[in-house]
Amino acid sequence: MTSIDAQRLKTDLINLGNIGRRPSGGLGRTSFSAEDAAARQWYFDRCAEAGLEVTVDGIGNLIVSSPVADELTDPTRPAVWSGSHIDTVPDGGAFDGALGSIAALECLRRIHEEGMALARPVRCIVYADEEGNYAHLFGSRAITRGFPRSELEALTGRDGDRFVDTFTAAGGDVDRAANTVLPEGTIDSSVELHIEQGPTLEARGIDIGVVTGIVAVGGGTITLRGRSDHAGTTPMNARKDAGVAAGALLASLPDVAAGISERAVITSGIVTFAPGGANVIPQAAHVTVDFREPTAEGIAALESSLIARAKEIAAEYGLDVDIDFEQSVPPAPLDEQVQSIITAAAEERGLSQVPIHSGAGHDSQNIATVAPTGMIFVPSIGGRSHCPEENTDWDDVANGGQILLDTIIGLANR
Ligand code: HGY
Ligand code: MN
Ligand code: MN
């Protein structure tokens, strides 16, 4: 059985983790930023160093192949895909996405170095903008469902920039970005390694999580519109204060979630007021929302309930309200056969494993719409993620990388 080079995997993760490091210790590699470009260049360099070939698709996904391994297989057959993302949330951690991206690279390097003749080709992938600076799971959605040009032109980023401007400035071609859906049958199967980003595996002392399904993810912006007025002279009962109404909306989010199910979650990570003067009653409040539920019915009910609550609050404060939500990403049950290959690989290596559901969204939930897909989790220390404290034990990194390689080989030869 072929082994990964665990030390090389660790060294690469440490080095990638130094790109985009902030004074807080967190990482700031939001998609298409200078830091993201630097990380992608670093990744290109690792591929070149290993003798691997990289193609960049129309939306910026990186697709890596081994010319040696492709010589030894039928490269026209649908390929086994593995990968994740290297963009991060603002002030994020060094393992979210990076682990699955670099471990997949390590697996392809080992297949390349060993000259392994597999029954199917293998590709490793870095998906663009997984963290949804422009749209949730952007890169994998582009290759499975696609974005018409009109949608791309309407996209704005977390910082209010237009996607087409930032993308073009980073060298992207918007016409190509509007034509990224993969031909049917390109992917035979897919497996992604990821940190759990939750407390379960650590709490139960389990090495490997075999992911059974991925949560549905919705989100967008609720804009409450009132009236700018003088902060000092306007009587309290004469105000149309969008900021106070936004506060009422935020305070209501736990109730809205609880009203749907125990597993429904909602948060708002960004709230901005306009015009933005401390002595001006805010005319507008832009409240981003991120909401999730494990089922299609649940996410639909959660979205409706949130919209209804926003309208109630707007009416109560005498305001107007605009709702601008993305199309929700559906929940994804993961493939039973891929799960069984992961489970067998863990048992073979003497590692404990448990089925687990993902409360985080992943590119795999888009890939699962076009090919049998599985995910492997390793423990997150303290269950923390999307923060500078995000951390995973190096033994767990090595375990995850090894189970990923065993699973890729198992999928390629099944
Ligand atoms: O938000 C998520 O669940 C993922 O980290 N993009
Ligand atoms: Mn993330
Ligand atoms: Mn991730």
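Note that ligands are numbered from 1 as they come in the structure, with each ligand's atoms numbered from 1 the same way. Note that the structure is predicted; figures quoted are calculated from it, not measured.
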CZ of Arg309 to OG of Ser304, rounded to nearest 0.5 Å, is 13.5 Å

Starting at CZ of Phe32, measure out to CZ of Phe163 and round the result to the nearest 0.5 Å. 5.0 Å

Keeping Thr373 on the side-chain end and Ala371 on the backbone end, is there a donor-acceptor pair under 3.5 Å? yes

Work out the angle at the Mn ion (ligand 3) between NE2 of His194 and NE2 of His85, rounded to 10°. 110°

Could you confirm whether His362 has any N/O/S atom lying under 2.8 Å from the Mn ion (ligand 3)? no

Give a yes/no answer: is there an N/O/S atom of Asp363 under 2.8 Å from the Mn ion (ligand 3)? no

Within-cut-off N or O pair, His386 and ligand 1, under 3.5 Å: yes

Name whichever N, O or S atom of Asp96 ends up nearest to the Mn ion (ligand 2). OD2

What is the ring orientation for Phe325 with Phe291, classed by angle as parallel under 30°, tilted 30 to 60°, or perpendicular over 60°? tilted

According to the interplanar angle, ranging from 0 to 90°, do the rings of Trp394 and Phe95 count as parallel (below 30°), tilted (30 to 60°) or perpendicular (above 60°)? tilted

Does ligand 1 have an atom that lies less than 4.0 angstrom from a heavy atom of His136? no

Is the backbone N or O of Thr180 less than 3.5 Å from a side-chain atom of Asp57, with the two atoms forming a donor-acceptor pair by type? no

Report the atom name of the nearest N/O/S atom of His386 relative to the Mn ion (ligand 2). NE2

Output the atom name for the N/O/S atom of Glu131 with the smallest distance to the Mn ion (ligand 2). OE2

Among His85, His194, His362, Glu130, which one has a heavy atom closest to atom 6 (N) of ligand 1? Glu130

What about Glu131: any of its N or O atoms under 3.5 Å from an N or O on ligand 1? yes

Looking at every non-hydrogen atom in both residues, tell me the closest pair between Leu224 and Ala314 and how far apart they are. CD2-CB, 4.0 Å

Out of the candidates Asp70, Leu108, Val80, only one should pair with Arg123 under the side chain to side chain contact (heavy atoms under 4.5 Å, CB included) rule; please name it. Asp70

Contact atoms of ligand 1, heavy-atom distance to Ala360 under 4.0 Å: 3 (O)

Can you pull out the closest protein heavy atom to atom 1 (O) of ligand 1? Residue, atom name and distance to 0.1 Å, please. Arg292 NH2, 2.7 Å

